[in-house]
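Chain identifiers are assigned alphabetically (A, B, ...) following the order of the sequence lines, protein sequences preceding nucleic acid strands; residue numbering begins at 1 within each chain. Because only heavy atoms are used, hydrogens play no part in the values below, and waters and symmetry mates are left out as well, while side chains stay in.
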Amino acid sequence: MSDKLKEQILRSSGSNVLKCMRCGKCSATCPSYDEMEYHPHQFVYMVEKGDIEKLMSSDSLYKCLTCFACVDRCPRGVEPAKVVEAVRLAAVRRQGNNHLVPTDIPGMLDDDLPQQAIVTAFRKYTK
Amino acid sequence: MQVNENTNFEPVIVAFCCNWCSYAGADLSGTNRLNYPTNVKIIRVPCSCRVNPMFILRAFQRGADGVILCGCHPGDCHYTSGNYFTRRRITLLYSMLDFLGIERDRTRLEWVSAAEGAKFAATMQEFTDAVRKLGPNRRLEDLRCRKQ
Amino acid sequence: MQRIGVFVCHCGTNIAATVDVKAVAEALGHEPGVVISREYQYMCSESGQNLVKDAIREHNLTGVVICSCSPRMHENTFRKAAAAAGLNPYLVEIANIREQCSWIHKDIASATEKAVILGKAAVAKVHLNAPLIAGESPVVKRALVIGGGIAGIQTALDIAEAGFDVDIVEKQPTIGGKMAQIDKTFPTLDCAACILTPKMVEASQNEKIHIYSFSEVTDVKGFVGNFTVTIKRKARYVDETKCTGCGLCTEKCPMKKVPNEFNMGLDNRTAIYIPFAQAVPKVATIDPNYCMMMKTGKCGVCSKVCSVGAIDYKQEDKFIEEKYGAIVVATGFNPINLDKYDEFAYNQCADVVTSLELERLMNAAGPNGGTLLRPSDKTHPHTIVFVQCVGSRCDDEKGKPYCSKICCMYTAKHAMLIREKYPDTEVYVFYIDVRTPGKNFDEFYRRAVEQYNVHYIKGMVGKVTPKSDGKIDVQASDLIANEQLHINADMVVLAAAIEPDKTARPLATMLTTQMDTNDFFTEAHPKLRPVESATAGIFLSGACQGPKDIPETVAQGSAAAAKAIGLLCKNSITCNPCVAHSNELMCNGCSACEKVCPYGAITYQDKEFRMPDRTTAIRRVASVNPAVCQGCGACTVACPSGAMDLNGFSNSQIMAEVDAICK
Amino acid sequence: MENNAVFTYYPGCTLRTKAKDLDAYARSSAEALGITLVEPENWQCCGGAYTTAKDEIATKLSAVRTLMAARDSGRALVTVCSACHNVIKQTNYDIARDEDMARKVNSYMQNETPYTGETAVYHYLELLRDVIGFDKLKAAVVNPLKGKKIAAYYGCLLLRPSKALAMDDPENPTIMEDFIRAIGAEPVIYAQRNECCGGYITMEDKAQASKRSASVMDSAKDMGADMVITACPLCLYNLKKNSGSELPVYYFTEILAEALGLKKEDTDE
Amino acid sequence: MQEAMINKAKQLLADGTVNRVMGWKRGEFVYDITPAVFETAEEIDADFVCDDFTAANVSKYLVKESRKEGKILAFLKPCDTYSFNQLVKEHRIVRENVYVVGIPGGPKLDAEKIKAKGITGILCVKNENGTLKIDTLYGEETMPYYEAILGKCETCKSRKHVVYDELIGEEGEVITAEDSGRFDMVEKLENMTAQERYDFWREQLSKCIRCNACRNVCPACTCENCVFDNPASGISNKAAADSFEENMFHIIRAFHVAGRCTDCGECSRVCPQNIPLHLLNRKFIKDINAFYGEYQAGEDTTSRAPLNNYDKDDCEPSIVHERGVE
């Protein structure tokens with residue numbers, strides 16, 4: 001199961017986690033670091049180890065801002081944000097695992113909130 | 001010519017490699033344990049400019065299915081200018097073979113440096129695949145030179 | 001009748017694991033003319049070579065085929081063995097069944113089949129091999145060293161010591177190179193200038209050494225033992241033979257705002273300048289981009305104050321031609337440009353510096369006279385962050401894939417020197433790995449941690465943020481603590497990757513030597529011939545071959561010198577006998593070969609020939625000078641009549657190989 | 001970049017609703033600068049966020065439709081919203097390089113002429129820099145914003161991933177600073193200008209969004225900015241709403257229009 | 001014209017400028033013309049001929065003749081002067097030993113084309129306003145003049161002499177490729193599919209009987225020892241024994257003369273099997289012009305032949321793949 005999941009994550013992300021040299025620059029650059037239980041470098045490392053379930057159930061999945069700072073600054077071309085995204089997708093694709101529930105939305109709105117915030121949230125957190 | 005249906009077809013491929021760049025590049029791909037098909041057999045020449053177009057025709061006549069010539073990158077010739085002459089000669093030969101209706105993918109000129117082991121292996125793989133797709137060389141082969 | 005011996009090498013399991021060597025020996029034993037076919041564990045070993053020698057004697061062999069590793073590895077070994085047994089060495093052919101067979105393929109059956117075909121091609125070729133006798137060509141007893149850094153200086157001193165003339169070509173106005181800019185050296189912490197400058201002086205005073213400073217190599221012709229090199233002596237607008245280096249002109253020059261490259265642009269120099277106090281030659285140079293006289297025709301102060309009349313605004317570049325027997329490349333390195341790494345704010349903040357800039361900041365002859373001050377406001381930094389591997393070990397277009405090798409150690413040195421001199425300064429080093437393989441290296445690094453309390457943090461800096469109060473926020477990861485840190489720093493020092501000097505690539509083309517994809521010169525053998533290039537007579541010294549520290553550079557400089565001396569000691573060298581030759585009976589005298597020969601090795605003469613009808617006729621025929629011919633074979637293809645052929649790679653030999661492969 | 005003065009213009013959904021200013025000023029300024037923007041019919045939402053996952057095809061289709069519309073019109077595509085630009089540009093980049101993705105997209109959409117990334121995609125800022133030229137813009141300014149210290153906020157979307165966006169140096173960009181100089185004001189360089197404001201999570205995780213946006217605004221203020229400009233409605237909302245900062249935030253098109261003398265008080269809500 | 005040439009030859013023999021004359025003489029039939037050397041005025045009066053059938057290029061004969069004692073007079077048509085110059089450039093002809101008189105060129109006639117009309121027993125031909133009047137043993141016959149023109153003259157490249165010591169008649173101009181149309185057939189072939197090209201050449205080259213006429217007549221084929229006759233060359237082959245003619249002989253021959261062939265068209269003229277061999281040479285000429293700049297072999301005696309020359313920015317062989325039809 002874990003192997004299959006790992007394979008799925010690697011394919012979906014297109015990332016070669018074996019290129020990682022454990023420098024930690026992704027985590028050094030991550031603006032959401034403090035909000036995360038597992039940090040970008042751990043995502044890469046744990047996917048490599050096949051230790052993915054922990055990541056799937058962690059709130060860290062929803063803390064990534066997809067700002068691509070780690071992707072641009074990684075000296076090895078590992079693209080950690082894409083790994084995070086692949087794990088998040090794998091998580092929300094599971095039955096009943098949507099992170100965002102439509103009924104919660106009205107409470108989050110205000111007059112100035114741009115539409116794209118809602119569209120984006122659905123894109124990223126639901127299936 | 002129909003694409004060969006016979007999956008057992010193993011093309012005979014002759015590769016002329018210049019001693020200073022491509023032959024060393026071929027050695028490097030071995031040192032790095034890269035892979036390319038066994039079909040490729042290398043003939044060492046001091047410089048790509050040593051390769052007489054006659055040799056290429058001879059190979060086809062004797063049943064080669066593909067001939068590839070590898071030399072140093074333009075500007076990097078060990079003998080300063082050899083590969084520039086090669087480029088002219090081989091361009092004209094390839095154009096003539098094309099004019100005679102010989103399949104274009106059977107011949108190739110590549111520049112491979114001594115550092116490009118990976119390029120050498122990839123080029124050989126690609127070339128072999130291309131020739132395999134073309135099927136056996138019938139247009140230039142002399143049947144009387146054939147085995148058995 | 002040919003009597004050919006075939007010898008198939010196992011190379012331990014290198015060949016035998018994927019090629020059935022017994023089957024290869026068996027198959028080749030049935031080839032026409034083959035009288036003995038053997039396999040053996042290690043053909044290149046003494047007993048393997050004896051096997052070949054014994055067989056030559058016993059079977060009176062006329063040709064030998066060795067199926068083994070690449071001829072680039074052991075062709076010479078087996079040629080020597082054959083010669084020792086009385087067989088002409090050029091009657092040996094190698095079938096490359098290791099690099100080009102066993103190491104490439106996995107399937108035993110097909111690899112074996114291929115090895116047999118390669119063997120057959122070699123047998124077919126050796127049938128047509130002719131015994132060749134190598135000629136000789138004289139050696140010019142003079143060496144050229146390109147680059148006057150510590151590598152070039154060491155090489156030149158060693159060659160001169162052995163009694164040979166040697167010229168150094170240095171593109172800067174002074175020799176000394178990067179080492180002259182360095183403050184202290186690891187792991188001994190002795191002053192770089194104190195050990196380098198005496199060597200520079202020694203080089204300048206040695207009668208055997210001639211220094212062409214402010215000069216560049218623009219053309220190289222010829223071959224081992226006999227190179228002809230064109231050197232461009234760039235106009236320095238000062239007569240070197242007159243200038244005494246008094247420095248009065250540099251004091252009086254009104255143009256004082258020229259970025260000082262010796263101090264990495266951290267301070268200014270004058271338009272006429274001597275790079276540093278101990279420069280060799282100690283001669284002024286005018287920078288025409290800044291000199292008012294050169295730009296506007298108004299000024300001339302230096303000319304007025306120069307008591308010896310050395311200033312010459314009209315000086316022009318001069319080209320000189322010299323002959324050399326050996327050339328040593330010592331073109332060195334440079335730190336990479338950091339434009340692509342501005343997450344570290346190098347272009348946005350004056351207090352983010354490279355390690356080489358820090359060397360100058362700390363140097364007594366540097367912009368601050370040896371007191372470490374921030375470039376921005378000249379205040380004393382209390383927190384300094386070092387970032388390792390900036391541009392090294394990268395797998396992207398921005399950086400270099402290799403480890404720059406010297407950064408771990410110089411950073412430990414910097415950290416230690418700062419903590420020693422300014423104990424109130426906190427020093428942080430962000431590292432990925434600390435690499436200390438060298439004598440006393442790890443001990444040195446441990447001292448930085450244990451004795452000097454330098455904070456080594458396993459992790460990388462992600463973002464450097466200059467702030468309005470002049471401080472610098474350094475955001476980094478601490479992988480051991482698994483936390484993200486913010487350090488409020490005063491200075492950031494980047495360990496920029498090093499790369500070969502930009503002049504190396506065109507030089508390699510001139511020298512017809514090879515480079516790797518990073519533009520480092522490629523050595524003839526990575527282990528066994530580390531200071532020779534694959535081109536005979538060209539040797540490699542220092543960081544042009546790969547990142548090196550000073551002791552390694554000096555060691556390699558001396559090694560390159562030893563190789564060059566070995567060459568210069570000979571009165572003549574054995575020429576490659578695999579050269580072109582013209583069959584006069586077939587030659588048309590058409591000059592096609594002459595046109596394509598890169599060495600001018602072909603000349604023509606009118607010769608009298610007896611014709612079949614018993615008359616005589618005078619014909620123009622080509623002849624090849626075997627000492628000049630390098631054996632490329634361009635002429636053989638240009639020749640319409642086939643009169644021109646190449647020893648060792650004759651038309652019939654190559655066609656025999658073609659036939660054997662296609663059969 | 002071709003010097004064609006007619007471009008296909010993709011506004012995106014937010015510019016039709018919450019970010020009307022961004023749109024209106026972009027149009028009026030373009031007109032004043034001699035550029036014709038043609039809006040394609042029946043455009044759809046860009047998708048809001050680009051899914052990097054290789055096994056997500058459906059989410060990329062709407063961006064492809066826009067790109068195809070531009071291709072079929074024979075014009076380059078111009079966007080102004082950073083988010084739309086990012087999604088469309090990344091889609092275009094990937095479809096040009098990832099054959100597998102291109103094949104899947106084209107067969108899914110049953111395209112007669114397969115789309116393989118041939119449309120050129122520009123951000124409005126690139127139009128100013130590369131088609132009009134900042135020199136020409138400077139000459140067209142009637143109301144220079146003299147003395148204003150303006151901090152450009154790029155955020156993440158305009159610059160990254162830099163391989164795909166290829167607009168400017170991702171770590172030391174200059175395009176918006178040059179723009180600010182062109183309209184007569186003084187740019188303020190601050191380090192957080194290319195760091196994320198937390199826009200994507202602004203609805204779902206207010207705490208993190210306000211931490212991020214505060215960090216950006218504080219950094220700009222620290223370096224002495226009078227105002228912040230942005231190209232992104234999400235950033236604008238977030239920086240205004242969640243940062244707790246007093247510093248005003250404007251769309252870059254608004255101050256562009258102001259400098260060109262096109263700003264009408266009634267459109268400024 | 002013949003009259004003027006005979007007078008010139010006799011004059012130069014008489015004043016000692018030359019001791020021999022290279023010209024043509026008639027064989028068994030009027031159209032059976034072969035090059036010949038004349039040593040006396042009597043021989044010239046008896047046999048010297050220059051008419052509509054004297055198409056043969058005499059420059060190749062000068063390789064041997066120019067190395068003999070004394071100077072020889074050679075009458076060269078414009079096309080022959082290119083071959084002559086090329087041989088001078090290759091040090092094959094000793095220029096000082098030849099006195100070159102330029103004579104007007106063709107078009108010359110092709111007896112085979114006349115015979116193909118069923119006209120035999122030809123005695124004399126005359127062009128009258130585009131109609132060729134032919135006196136035969138069986139009475140007068142006519143045919144359109146242009147239908148009797150030699151193939152090589154139909155696509156004449158130049159009416160200008162590139163070398164001469166003296167000129168009889170008026171000097172002409174170089175004819176452009178567009179006007180001569182000499183690359184039209186090459187182009188037509190290039191636009192065929194590979195299979196069509198292959199079929200075309202198979203059909204043509206399989207007719208080859210290896211009589212070696214093409215080689216023997218070719219002014220570029222003056223090797224002391226031809227590779228096809230030389231066992232050491234590895235490609236020696238003296239007779240039609242296998243598919244060597246189709247696969248090797250003509251390609252190698254064309255390659256050997258590439259960059260040196262002046263496009264004199266003699267190879268196709270003499271081929272008894274009517275193989276359009278000149279197309280192979282023209283293909284090389286066309287490629288050289290396209291890839292490396294216009295080059296006309298024999299135009300001068302100093303320029304470097306394109307295959308013995310290079311430019312750092314030469315095109316790669318892949319240009320072949322980028323152009324035309326597969």
Side-chain angles (χ1 to χ4, degrees), chain A residues 10 13-49 51-52 54-55 58-84 87, chain C residues 336 338 340-346 385-404 407-408 428-435 456-465 473-487 489 492 494-497:
Chain A
L10 291 180
S13 66
S15 166
N16 180 0
V17 290
L18 292 173
K19 279 188 170 181
C20 174
M21 65 166 166
R22 322 261 184 258
C23 70
K25 197 174 180 186
C26 48
S27 287
T29 204
C30 181
S32 293
Y33 187 97
D34 289 339
E35 281 70 29
M36 288 176 152
E37 177 189 6
Y38 297 109
H39 307 118
H41 73 277
Q42 289 174 289
F43 268 86
V44 173
Y45 186 51
M46 287 164 78
V47 166
E48 187 196 320
K49 282 201 302 179
D51 199 0
I52 297 166
K54 275 189 213 149
L55 297 173
S58 166
D59 216 27
S60 304
L61 288 179
Y62 311 104
K63 300 297 177 191
C64 169
L65 304 167
T66 327
C67 73
F68 292 112
C70 54
V71 170
D72 253 32
R73 291 173 190 158
C74 173
R76 307 285 311 162
V78 176
E79 308 190 313
K82 296 189 179 176
V83 177
V84 176
V87 179
Chain C
I336 63 165
L338 291 178
K340 298 249 173 74
Y341 289 94
D342 238 21
E343 63 265 37
F344 301 123
Y346 178 75
V385 173
F386 285 86
V387 186
Q388 300 291 277
C389 300
V390 177
S392 299
R393 307 168 67 188
C394 288
D395 192 37
D396 57 20
E397 303 90 73
K398 295 191 275 186
K400 304 289 175 187
Y402 49 85
C403 167
S404 294
C407 324
C408 286
Y428 298 86
V429 177
F430 285 93
Y431 70 93
I432 305 171
D433 303 285
V434 179
R435 294 180 167 172
Y456 269 81
I457 300 172
K458 160 90 184 141
M460 189 64 183
V461 171
K463 175 97 180 170
V464 172
T465 305
D473 177 60
V474 178
Q475 179 182 314
S477 60
D478 179 337
L479 292 176
I480 308 283
N482 201 11
E483 63 185 13
Q484 197 177 61
L485 300 174
H486 284 269
I487 293 173
V492 175
L494 306 177

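- Checked by atom type and distance alone, the side chain of A:Ser27 never pairs as donor or acceptor with a backbone atom of C:Ser477 at under 3.5 Å.
- Residue A:Cys70 does not touch chain C at all, counting heavy-atom pairs closer than 4.5 Å.
- Here the SG-CD distance, from A:Cys30 to C:Gln475, works out to 8.5 Å after rounding to the nearest 0.5 Å.
- Between A:Ala28 and C:Val461 the shortest heavy-atom distance is CB-C, 3.8 Å.
- With hydrogens and angles ignored, the 3.5 Å screen pairs a side-chain donor or acceptor of A:Arg76 with a backbone N or O of C:Arg393.
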Could you check A:His41 against C:Asn482 for side chain to side chain contact (heavy atoms under 4.5 Å, CB included), going step by step and ending with a plain yes or no?
CA-CA 10 Å; A:His41 73 277; C:Asn482 201 11; 3.5 Å; yes
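- For NZ of A:Lys63, the number of neighbouring non-hydrogen atoms (other residues, nucleotides, ligands) closer than 6.0 Å is greater than 12.
- The minimum heavy-atom distance between A:Asp72 and C:Lys398, with the atom names listed, is O-NZ, 3.2 Å.
- Of the listed residues (C:Ile432, C:Leu485, C:Asp478), the one with the most heavy-atom contacts under 4.5 Å to chain A is C:Ile432.
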Please determine whether side chain to side chain contact (heavy atoms under 4.5 Å, CB included) holds for the pair C:Glu343 and A:Lys25, giving the CA-CA distance in whole Å, both sets of side-chain angles, and the decisive distance to 0.1 Å.
CA-CA 11 Å; C:Glu343 63 265 37; A:Lys25 197 174 180 186; 2.6 Å; yes
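- By the neighbour-count criterion of 12 heavy atoms within 6.0 Å, atom NZ of A:Lys54 is sparsely surrounded, having that number or fewer from other residues, nucleotides or ligands.
- To the nearest 0.5 Å, atom CE of residue C:Met460 and atom CE of residue A:Met21 are 7.0 Å apart.
- The two atoms that bring C:Leu479 and A:Arg22 nearest to each other are CD1-O, 3.5 Å, heavy atoms only.
- Residue A:Tyr45 places its OH atom among 12 or fewer non-hydrogen atoms of other residues, nucleotides or ligands, all under 6.0 Å distant.
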